[in-house]
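The block underneath contains the structure these notes are about, expressed in structure tokens.
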Amino acid sequence: MVDQNKIVLMSKLALYEKKYMRRDQRIIHYFVEDYVYINNFITRLGISVITLFFIAVGAFRIIYDGIIFPTSLEHFIEVYLGPYIGPWLIAMIGYTMLSSIVYGARYRKVQKRFGAYKKIMKELGKYEQQTVNEEGATDEI
């Protein structure tokens, strides 16, 4: 005899496992702070690499236009570092905040989805236990 309720619960579990399980387990493996920190680090690293690219382009432009020898530390900062440090800091702060919001929301979404999966698993376990108990009661009579 086919038990429709059990099939429905098992289908829901199979759909979750097929669509989300592998990715969700990688995310749930971390604490929320660690997950956000790791992804923020990757974001900062990307911003720094992009900034280094623009610094390299700026260095080639300076070499092509003619090297300006700084007369003081302030002049060096103004000519060579100033055009890059400010935008880099703004990008680092902005993208870190944005990354924290995005990855925190993603973690909460995965946690909620995984909680629903565990709830369905408990439901299935209770349903199977109830079925076993009912079958056991009828076998004894």
Side-chain angles (χ1 to χ4, degrees), residues 1-70 72-141:
M1 180 169 21
V2 177
D3 190 356
Q4 187 176 7
N5 292 332
K6 186 175 179 180
I7 291 174
V8 168
L9 290 173
M10 291 178 74
S11 296
K12 287 180 182 179
L13 291 174
L15 283 172
Y16 174 82
E17 288 171 0
K18 183 174 174 122
K19 272 182 129 175
Y20 304 110
M21 181 61 88
R22 185 176 294 163
R23 181 179 34 163
D24 286 359
Q25 281 183 334
R26 281 191 306 237
I27 293 172
I28 288 290
H29 176 74
Y30 297 104
F31 291 111
V32 65
E33 295 86 7
D34 295 337
Y35 178 71
V36 171
Y37 177 78
I38 289 168
N39 287 294
N40 279 346
F41 177 76
I42 292 168
T43 301
R44 290 180 193 134
L45 187 63
I47 294 295
S48 296
V49 167
I50 290 169
T51 302
L52 285 174
F53 171 76
F54 284 116
I55 288 174
V57 169
F60 284 123
R61 191 189 83 224
I62 289 172
I63 290 172
Y64 181 74
D65 291 344
I67 296 176
I68 301 171
F69 290 103
S72 66
L73 181 60
E74 292 83 19
H75 188 246
F76 175 77
I77 292 172
E78 179 184 326
V79 171
Y80 293 107
L81 299 180
Y84 306 106
I85 298 259
W88 175 74
L89 280 175
I90 291 169
M92 290 286 279
I93 292 168
Y95 279 103
T96 298
M97 289 171 41
L98 183 64
S99 175
S100 295
I101 292 167
V102 168
Y103 288 111
R106 182 180 292 172
Y107 188 88
R108 286 187 295 278
K109 183 178 178 182
V110 166
Q111 199 172 29
K112 183 178 178 182
R113 193 168 46 222
F114 196 72
Y117 173 79
K118 289 192 325 188
K119 183 180 176 185
I120 294 172
M121 285 290 287
K122 284 182 184 179
E123 243 180 86
L124 182 62
K126 286 180 184 178
Y127 187 76
E128 287 180 343
Q129 186 63 37
Q130 181 183 12
T131 306
V132 167
N133 289 343
E134 288 174 1
E135 287 177 2
T138 58
D139 288 342
E140 291 178 9
I141 296 178

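Just so it is clear, the structure is predicted and the values come from calculations on it, not from any experiment.
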Exercise for the section: Sort and list the pairs that fulfil side chain to side chain donor-acceptor pair (under 3.5 Å) and have at least one residue in residues 47-64, not counting sequence neighbours. Expected result: Ser48-Trp88

Where [X] and [Y] come nearest, the two heavy atoms and their spacing:
X: Leu124; Y: Leu13; result: CD2-CD1, 3.7 Å
X: Ile28; Y: Gln111; result: CD1-CA, 3.8 Å
X: Pro87; Y: Gly82; result: CD-O, 4.4 Å

Problem - Contact check, side chains of Lys12 and Tyr117, non-hydrogen atoms, under 4.5 Å - result: no

Problem - Pairwise side-chain contact, Val110 with Arg113, heavy-atom cut-off 4.5 Å (strictly under) - result: yes

Quick check for you: to the nearest 0.5 Å, what is the distance between [X] atom [atom1] and [Y] atom [atom2]?
X: Glu123; Y: Gln130; atom1: CD; atom2: CD; answer: 11.5 Å
X: Ile120; Y: Tyr127; atom1: CD1; atom2: OH; answer: 15.0 Å
X: Met121; Y: Met10; atom1: CE; atom2: CE; answer: 9.5 Å
X: Leu9; Y: Glu128; atom1: CG; atom2: CD; answer: 9.0 Å
X: Lys118; Y: Lys122; atom1: NZ; atom2: NZ; answer: 7.0 Å
X: Lys18; Y: Ser11; atom1: NZ; atom2: OG; answer: 12.5 Å

Practice task
Tell me, yes or no, whether the heavy-atom count around Tyr95 atom OH, taken from other residues, nucleotides or ligands under 6.0 Å, exceeds 12.
Solution key: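 It does not: Tyr95 OH has 12 such atoms or fewer within range.
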
Problem - Atom OH of Tyr84: over 12 foreign heavy atoms under 6.0 Å - result: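 Result for OH/Tyr84: enclosed.
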
Handout entry: Distance-only donor-acceptor check, side chains Tyr16 and Asp24, under 3.5 Å
Key = yes

Expected list for residues 37-46: side-chain donor-acceptor pairs under 3.5 angstrom, two or more places apart:
residue	atom	partner	partner atom	Å
Asn39	ND2	Tyr35	O	2.8
Asn40	OD1	Ser99	OG	2.6
Asn40	OD1	Ser100	N	3.4
Asn40	ND2	Ser100	OG	2.9
Thr43	OG1	Asn39	O	2.9
Thr43	OG1	Ser99	OG	3.3
Arg44	NE	Thr96	OG1	3.2

